[in-house]
Amino acid sequence: MDQVANRLSTEINQTHKKMSWFEIKNYLYAVVPTGLLSGLVFWLLTHFFA
């Protein structure tokens, strides 16, 4: 029974690591382009209207 519990715990931890990396990857895919676009917009605004 302990072996089953240990194996299940290991699989849960591996799945959690994969999910956390997946969430980090999705976060970066969402944040980096948004940051670049907003930076470009603010640079254009300050360059042409300041």
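Everything numeric in this text was worked out from a predicted model, so none of it was measured.
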Please check if Trp21 and Leu28 belong to a single hydrophobic cluster, counting links between Ile, Leu, Val, Met, Phe, Trp and Tyr side chain heavy atoms closer than 4.5 Å.
yes
ask   = Quick one: do Leu45 and Leu40 end up in the same hydrophobic cluster if we chain Ile, Leu, Val, Met, Phe, Trp and Tyr together by side-chain heavy atoms under 4.5 Å apart?
value = yes
| message | For the backbone of Phe42 and the side chain of Thr46, can you confirm whether one donor and one acceptor N or O come within less than 3.5 Å of each other? | response | yes
Residues at least two apart in sequence or cross-chain that pass ring pair (Phe, Tyr, Trp, His ring centres under 6.0 Å) with Trp43, listed by chain then number, are His47
Ser38 and Gly35 have their tightest heavy-atom pair at OG-O, 3.1 Å
